[in-house]
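All heavy atoms count here, side chains included; hydrogens, waters and symmetry mates do not.
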Amino acid sequence: MNIKKIVSIHGILLCILLLLLPVSVRAESTVNMNLDYGFQNNAKSGSCFPLNIYLENTGDAFQGSLEISVPIMGDNMGITNSLWMGVSEWGNYNDRVYRYQKEIVLEKGEKKKETFYLELPAFEGYLEVRVKSGNAVLCEDSLTCGFSENSSRILVGIVSPDLSGMESLDGMQIQTDNGYGLESFVKTIPLQSEDIYPNPDAFSQLDVLIADQGTEFTTEQQIALNRWKENGGFYIERNGENLFELFCGFLNGERSSDFQKHLDQMISYSFGDDGGVSQVPVGVKPSMGKYLVILCIYAVAAGPGIYLLLRKRNKRRYLWSYICVLSVIFMGIISIMGKSTNLYAPIISYNGLYEQQNGVWSETLQIGIQAPYNSAYHLYLENEYRLLPLNIGSDCMKEYRSDTSESVVIQMGEKNNRVTMDNMASFVQNCFKLEKNRETGTKQMQLSLQGDGKQVSGTWKNSTGYDICNAVLVMQRSEEHTSELQS
């Protein structure tokens with residue numbers, strides 16, 4: 001074979017190799033994208049982090065998808081590594097990428113706002129946003145958010161066209177009572193009523209909300225606002241007062257001690273709570289004593305036992321055949337013994353909390369899921385519930401490899417959200433939280449009590465649509481256990 005043919009063959013092989021290499025595709029973009037987060041780009045934590053994506057289509061009608069990637073550094077992920085090996089809560093060292101995906105449709109010239117509630121690391125969050133058409137990326141952007149800068153700030157949202165006194169209020173210093181001599185500073189954020197998120201957890205990015213008397217909120221916003229206030233949020237209704245004087249009156253008012261406790265807690269960090277779902281109770285455990293006895297019998301039988309028996313019968317040439325047969329027999333015995341404890345499908349642990357306060361019915365469901373295999377698996381959840389991962393860690397990473405990082409893909413659909421766990425070892429734990437708040441109307445728990453200082457009696461009426469077992473009535477300095485409450 002001459003040199004020209006060799007060069008030609010190598011050239012052809014090189015071209016084929018180049019064609020087979022993966023190439024990042026970027027199509028010509030007709031979609032413009034802008035990002036902001038929290039309240040006017042202010043946030044105090046990565047828990048239920050509100051991200052707003054503003055889209056504008058300058059070309060023909062477009063159908064594609066939004067993808068948000070949140071890469072997490074694995075050495076700080078607070079998730080349990082295994083169901084059965086008893087690894088500590090902080091034992092997972094694999095990097096992980098959470099991806100949120102949603103299908104979008106944009107007509108020609110259409111502008112659209114999409115809001116996502118994400119879970120970011122405790123100290124610093126990093127995320128990437130892409131608009132895609134198939135596998136082609138039309139436009140992308142990234143966002144880095146450090147939460148430490150707002151750890152000593154009191155974020156005060158103001159919903160009012162009259163901002164008199166805001167300049168004096170902004171930057172106001174407040175001494176805390178935590179014993180460390182620390183000071184907090186007020187940062188004012190002018191808002192419109194439509195800037196209020198219909199999500200009580202997203203409200204926690206604000207410390208105080210001031211709104212004019214008679215400000216109208218949507219039903220969803222009002223439910224979230226009520227829930228936020230019940231969880232300790234500080235809402236101040238304004239009736240034309242100067243903002244600085246109004247806030248000073250609040251600091252010296254009846255809720256001053258509660259607000260000081262809130263300021264003391266601002267310097268602490270929360271890594272989330274898995275609600276105990278990472279500690280999976282195992283009902284039937286394998287009997288290690290029985291397996292040890294079987295293993296000892298096999299070791300004796302497959303070793304000196306078979307050898308001595310075959311030597312006595314002068315058939316030592318069949319030694320390896322007999323060992324193979326004996327191995328198959330003992331594998332069958334172990335398989336039969338372990339049938340009652342074998343795991344064939346993902347294991348789900350969960351707990352639910354249902355609360356009714358001031359006409360708001362709150363449902364919180366925490367889910368832990370592990371799979372006994374390392375292939376991809378899916379979890380389908382109703383989209384009426386807000387879905388957030390739990391305990392994702394404290395630090396982000398800006399460079400990662402998709403082929404080596406664990407992957408959690410949350411696809412938001414019209415009826416159900418699909419969560420796909422991939423590239424994980426067996427028994428790696430995944431924790432999620434589902435929440436929904438709604439007005440109870442007439443479908444609520446109704447309680448009628450009568451009593452004196454010694455005894456309380458009365459009746460329950462369950463109109464919620466749920467069968468409630470082991471209900472507990474909690475009153476100040478006392479509690480009472482009741483029977484089951486049928487719907």
Side-chain angles (χ1 to χ4, degrees), residues 36-45 47-50 52 115 117 145 147 149-177 182-267 357-360 437 439:
D36 71 28
Y37 63 89
F39 293 92
Q40 306 294 339
N41 291 329
N42 289 280
K44 297 184 73 74
S45 75
S47 179
C48 197
F49 180 85
N52 298 312
T115 300
Y117 301 104
C145 184
F147 304 113
E149 62 182 357
N150 281 327
S151 61
S152 60
R153 291 176 178 170
I154 303 170
L155 299 186
V156 179
I158 302 172
V159 182
S160 173
D162 178 14
L163 300 178
S164 58
M166 189 181 77
E167 292 183 359
S168 300
L169 179 59
D170 192 54
M172 176 183 179
Q173 289 181 272
I174 299 177
Q175 185 75 35
T176 61
D177 293 337
L182 300 177
E183 293 180 330
S184 297
F185 300 84
V186 173
K187 182 172 183 179
T188 56
I189 308 171
L191 301 171
Q192 303 295 324
S193 59
E194 56 266 22
D195 296 329
I196 302 301
Y197 297 102
N199 185 324
D201 290 331
F203 254 113
S204 63
Q205 305 293 346
L206 284 178
D207 297 296
V208 180
L209 178 64
I210 300 175
D212 285 340
Q213 189 176 38
T215 300
E216 294 185 359
F217 298 104
T218 66
T219 302
E220 292 78 11
Q221 287 176 324
Q222 191 63 54
I223 292 175
L225 178 60
N226 293 342
R227 187 66 182 165
W228 173 70
K229 291 191 292 184
E230 291 163 4
N231 291 335
F234 297 93
Y235 179 76
I236 304 174
E237 196 170 60
R238 183 190 184 199
N239 190 18
E241 299 94 336
N242 179 280
L243 289 170
F244 179 78
E245 296 175 357
L246 177 66
F247 192 76
C248 289
F250 163 75
L251 294 178
N252 298 316
E254 58 183 14
R255 298 199 65 186
S256 59
S257 60
D258 294 336
F259 191 65
Q260 277 293 337
K261 292 178 182 178
H262 174 75
L263 297 182
D264 295 342
Q265 295 171 354
M266 288 201 312
I267 63 172
Q357 293 183 4
N358 297 333
V360 177
N437 297 295
E439 288 184 307

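Evaluation of the salt bridge (Lys or Arg N to Asp or Glu O under 4.0 Å) rule for Asp207 yields Lys44 as partners, not counting sequence neighbours. For Ser152, there are no side chain to side chain donor-acceptor pair (under 3.5 Å) partners two or more places apart in sequence or in a different chain. The side chain to side chain contact (heavy atoms under 4.5 Å, CB included) check on Asp36 picks up Asn41, Asn52, Tyr54, with sequence neighbours excluded. Partners of Gln173 by side chain to side chain contact (heavy atoms under 4.5 Å, CB included), not counting sequence neighbours, listed by chain and number: Glu183, Phe185. Residues passing the salt bridge (Lys or Arg N to Asp or Glu O under 4.0 Å) test with Lys187: none are found, sequence neighbours excluded. With sequence neighbours left out, the side chain to side chain donor-acceptor pair (under 3.5 Å) criterion links Arg153 to Asn150. Residues forming a side chain to side chain contact (heavy atoms under 4.5 Å, CB included) with Ala224 (at least two apart in sequence, or on another chain): Pro200, Phe203. Under the side chain to side chain contact (heavy atoms under 4.5 Å, CB included) criterion, Lys261 pairs with no residue at all, not counting sequence neighbours. Checked against ring pair (Phe, Tyr, Trp, His ring centres under 6.0 Å), Phe234 has the following partners two or more places apart in sequence or in another chain: Phe250, Phe259, His262.
Listed here is the closest heavy atom pair of Leu206 and Gly157: CD2-N, 3.8 Å. Here the closest non-hydrogen pair linking Phe147 and Ala43 is CD2-O, 4.0 Å.
A donor-acceptor pair is defined here as one N or O able to donate and one able to accept, closer than 3.5 Å; such a pair exists between the side chain of Tyr197 and the backbone of Gly38. Although no hydrogens or angles enter the test, the distance criterion places a donor-acceptor pair under 3.5 Å between the side chain of Gln221 and the main chain of Thr218. In terms of modelled atom types and a separation under 3.5 Å, the side chain of Asp170 and the main chain of Met166 share no donor-acceptor contact. Side-chain atoms of Asp201 never come within 3.5 Å of backbone atoms of Cys48 as a donor-acceptor pair (strictly under, hydrogens ignored). Under a 3.5 Å cut-off, the side chain of Gln40 and the backbone N or O of Leu191 do not form any donor-acceptor pair. Judged by distance alone, with hydrogens and angles left aside, the side-chain atoms of Asp195 form a donor-acceptor pair with the main-chain N or O of Gln192 at under 3.5 Å.
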side-chain contact (heavy atoms from CB on, under 4.5 Å) between Val208 and Ile236, intermediate numbers included: CA-CA 8 Å; Val208 180; Ile236 304 174; 3.8 Å; yes
Derivation and outcome, side-chain contact (heavy atoms from CB on, under 4.5 Å), residues Leu155 and Phe39: CA-CA 9 Å; Leu155 299 186; Phe39 293 92; over 6 Å; no
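The closest side-chain heavy-atom distance from Asn199 to Pro50 is not below 4.5 Å. For the pair Ile196 and Val159, the minimum side-chain heavy-atom distance is below 4.5 Å. Leu169 has its side chain within reach of Met172: a pair of non-hydrogen atoms, C-beta onward, lies under 4.5 Å apart.
The CD1 atom of Ile174 lies 7.0 Å from the OG atom of Ser184; values are rounded to the nearest 0.5 Å. Between Leu209 atom CG and Glu237 atom CD the span is 10.5 Å, to the nearest 0.5 Å. A distance of 6.5 Å separates CZ in Phe217 from OG in Ser193, rounded to the nearest 0.5 Å.
A side-chain N or O of Asn226 and one of Gln222 form a donor-acceptor pair less than 3.5 Å apart.
Note: Phe49 and Tyr37 meet the aromatic proximity criterion, with ring centroids under 6.0 Å apart.
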Contacts under 3.5 angstrom, residues 238-248 side chains, donor-acceptor by atom type, not counting sequence neighbours:
| residue | atom | partner | partner atom | Å |
| --- | --- | --- | --- | --- |
| Arg238 | NE | Glu241 | O | 2.7 |
| Arg238 | NH1 | Ser160 | OG | 3.0 |
| Arg238 | NH1 | Asp162 | O | 2.4 |
| Arg238 | NH2 | Asp162 | O | 3.4 |
| Arg238 | NH2 | Asp162 | OD2 | 3.3 |
| Arg238 | NH2 | Ser164 | OG | 3.3 |
| Arg238 | NH2 | Glu241 | O | 2.8 |
| Glu241 | OE1 | Asn239 | N | 2.6 |
| Asn242 | OD1 | Phe244 | N | 2.9 |
| Asn242 | OD1 | Glu245 | N | 3.2 |

